[in-house]
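Keep in mind the model is a prediction, meaning the values are calculated, not measured. Here is the naming used below: chain letters follow the sequence lines, and residue numbers restart at 1 for every chain.
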There are 2 protein chains.
Amino acid sequence: MDDQTDQIRKPRADAVRNRERVLEAAKVVFNAGGPEASLEAVAKRAGVGIGTLYRHFPTREDLFEAVYRREVEQLSELAEQLKTAKDPVDALRRWLRSNVEFVATKKGMSAALALTFQSSSELAAFSMDRLTKAIGSLLDRAVAAGQMRGDVSPEDLLRALVGMCYMHDQPGWQSSVLRMLDVFVDGLRVQPVAKAKARAAKPTKAAVKRKR
Amino acid sequence: MDDQTDQIRKPRADAVRNRERVLEAAKVVFNAGGPEASLEAVAKRAGVGIGTLYRHFPTREDLFEAVYRREVEQLSELAEQLKTAKDPVDALRRWLRSNVEFVATKKGMSAALALTFQSSSELAAFSMDRLTKAIGSLLDRAVAAGQMRGDVSPEDLLRALVGMCYMHDQPGWQSSVLRMLDVFVDGLRVQPVAKAKARAAKPTKAAVKRKR
DNA sequence: GAAGATACGGAGGCACCCTCCGCTTAACAA
DNA sequence: TTGTTAAGCGGAGGGTGCCTCCGTATCTTC
């Protein structure tokens, strides 16, 4: 073996397990109690000692960040799955809706994030990048299928989404956003030249060219 | 006198003074230390006992809120002053710029606000109302003077401003926003069809060099 | 199975939160 | 002015949560 010098042990199983437990507990506790929730409460819910929590996440913000990263990754994976859906436009719409739900369930976390984003622009960059890619892959597919106009960038779409969700303190915001999203998606559609969309969904480039 | 029963004393001078001192101190401390800054530090800087601080502002959020309200009122007053400026368009632009500066100096406070807005939608309503009126008075004047189009509501303008400032964690956001604001204001101007400048009737392009 | 690295838990010291109450002071009446 | 009294003041103190530190327990590797 040529890597004898920096040989790396397999991480201990209990450490991995505990880390995961803390993340899961933190998600629940922060959502319920906001960003000032007690870290000791998180540790207790995770069934670990406070020392363990601090070893894994030296600062409160480290914990926020890890929780959030995980969620962003989940949204990213959702996009991956949706890529195999039949209807590309519907797939995009679903992803956007999931995003709204995501925001909706993050009552406490969103405040925590406002705090964290401020000190870690790296996190902001990471999540923007990740989400842009997710949205981009879905958008591209819809465009490639000739069902959506191609002059809107993923960044724009993401920004619109985020902007819409920005007012999520106001009553009834969620249904309002969902409505606006539908309008938005409709606006993105290639105008209905012909008829229904009940058609086999084989994303072939040939079809795209033909349509154009 | 029939109002003897609910006769109201003049508020004590020291109470008024102390309240003001605490607000001023809080502004400084929160901007520097963020929303988690120690209230005891605020009291110390204000030169009052911790008990006094709590009597005036029972909760941390009450204090945030009071500080913010004061600032909103100051912006409101600024608009009042700008109403007497000669150039209505320039007045509006200046107010918008002041707003950006306002956001810029609120490093810590903005995070605190994110927290407070969440629990007090009344505060959100108050500030929206106040700022909408401020922006509206300036906008109206420019419209009345025939220098700006009349189909943009103060709410829209405010929302655009807020939205632009929303990304104020990213590097270089401030100059970017200022640039976008200029573009925006240019867009709001009544197109110089037959206006002052002797310019060829070339289509569009805000190549207006507005430096007199 | 033994050795050694790695992780665990929670006691303890500290900072800050917030309440409570005896003392001080400003406003008002005479 | 002086007296009365409500209003305000300060800060001690009990409580909670933060974070460090280290003796003990557990896992990985050989």
Side-chain angles (χ1 to χ4, degrees), chain A residues 1 3-26 28-30 32-67 108 111-112 115-116 119, chain B residues 1 3-26 28-30 32-67 108 111-112 115-116 119:
Chain A
M1 285 71 163
D3 56 15
Q4 272 178 335
T5 46
D6 48 74
Q7 193 178 30
I8 290 181
R9 265 189 182 232
K10 196 204 302 189
R12 278 177 55 159
D14 54 349
V16 173
R17 189 181 347 108
N18 280 334
R19 192 192 150 86
E20 200 58 24
R21 276 191 191 164
V22 170
L23 281 177
E24 196 57 37
V28 175
V29 171
F30 286 139
E36 1 238 25
S38 153
L39 294 189
E40 269 155 10
V42 173
K44 183 174 281 182
R45 168 173 260 268
V48 305
I50 187 67
T52 299
L53 186 150
Y54 274 98
R55 198 171 327 97
H56 285 297
F57 308 100
T59 73
R60 178 179 283 264
E61 264 156 22
D62 287 335
L63 183 52
F64 284 153
E65 196 169 323
V67 171
L115 291 180
T116 306
S119 50
Chain B
M1 292 72 171
D3 57 13
Q4 272 178 336
T5 46
D6 47 74
Q7 192 177 33
I8 289 181
R9 262 186 185 235
K10 194 206 301 189
R12 282 177 54 155
D14 54 349
V16 173
R17 188 180 348 109
N18 280 335
R19 192 190 151 87
E20 200 57 25
R21 277 190 190 164
V22 170
L23 281 177
E24 195 56 37
V28 175
V29 172
F30 286 139
E36 1 238 25
S38 155
L39 293 189
E40 270 156 11
V42 173
K44 182 174 284 182
R45 167 172 260 269
V48 305
I50 187 67
T52 299
L53 185 150
Y54 274 98
R55 195 170 331 97
H56 285 296
F57 308 100
T59 73
R60 176 178 286 264
E61 265 156 20
D62 287 334
L63 184 51
F64 285 152
E65 196 170 323
V67 171
L115 292 179
T116 305
S119 50

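- Here the C1' atom of nucleotide C:dC17 and the CG atom of B:Leu53 are 11 Å apart, to the nearest Å.
- Looking at heavy atoms from C-beta onward, A:Leu23 lies in side-chain contact with A:Glu20 at the 4.5 angstrom threshold.
- The side chain to side chain donor-acceptor pair (under 3.5 Å) check on B:Ser38 picks up nothing, with sequence neighbours excluded.
- Just one of B:Val67, B:Leu39, B:Val42 meets the side-chain contact (heavy atoms from CB on, under 4.5 Å) condition when paired with B:Val29; it is B:Val42.
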For residues 43-56 of chain B, which side-chain donor-acceptor pairs fall under 3.5 Å, sequence neighbours excluded?
none

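- We find that CZ of B:Arg21 is positioned 9 Å from P of D:dG10, with the value rounded to whole Å.
- For the pair A:Arg9 CZ and C:dA3 P, the computed distance is 15 Å after rounding to whole Å.
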List, with names and distances, any nitrogen or oxygen atoms from the protein found under 3.5 Å away from nitrogen or oxygen atoms belonging to nucleotides 14-18 of chain D.
from: D:dC18; atom 1: OP1; to: A:Leu39; atom 2: N; distance (Å): 3.3
from: D:dC18; atom 1: OP1; to: A:Arg60; atom 2: NH2; distance (Å): 2.4
from: D:dC18; atom 1: OP2; to: A:Leu39; atom 2: N; distance (Å): 3.1
from: D:dC18; atom 1: OP2; to: A:Glu40; atom 2: N; distance (Å): 3.4

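- For the pair B:His56 and D:dG8, the criterion of a side-chain N or O lying under 4.0 Å from OP1 or OP2 is not met.
- Whole-Å rounding puts the B:Lys44 NZ to D:dG11 C1' distance at 12 Å.
- Remark: B:Arg12, B:Asp14, B:Ala15, B:Asn18 in residues 12-20 of chain B come within less than 4.0 Å of DNA chain D through at least one heavy atom.
- Distance B:Arg55 CZ to D:dA6 C1': 13 Å, rounded to the nearest Å.
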Counting only pairs under 3.5 Å, give me each side-chain donor-acceptor contact of residues 59-66 of chain A, with atom names and distances, residues two or more places apart or in other chains.
from: A:Thr59; atom 1: OG1; to: A:Glu61; atom 2: N; distance (Å): 3.3
from: A:Thr59; atom 1: OG1; to: A:Asp62; atom 2: N; distance (Å): 3.0
from: A:Thr59; atom 1: OG1; to: A:Asp62; atom 2: OD2; distance (Å): 3.2
from: A:Arg60; atom 1: NH1; to: A:Pro35; atom 2: O; distance (Å): 2.5
from: A:Arg60; atom 1: NH1; to: A:Ala37; atom 2: O; distance (Å): 3.1
from: A:Arg60; atom 1: NH2; to: A:Ala37; atom 2: O; distance (Å): 3.1
from: A:Glu61; atom 1: OE1; to: A:Ser119; atom 2: OG; distance (Å): 3.3
from: A:Asp62; atom 1: OD2; to: A:Thr59; atom 2: N; distance (Å): 3.3
from: A:Glu65; atom 1: OE2; to: A:Arg69; atom 2: NH1; distance (Å): 2.6

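- Each of B:Pro58 and A:Gly47 lies near DNA chain C, and the nucleotide nearest A:Gly47 is the one positioned closer to the 5' end.
- One finds no side-chain N or O of A:Thr52 lying less than 4.0 angstrom from the OP1 or OP2 phosphate oxygen of C:dA7.
- Partners of A:Glu24 by side chain to side chain donor-acceptor pair (under 3.5 Å), not counting sequence neighbours, listed by chain and number: A:Arg70.
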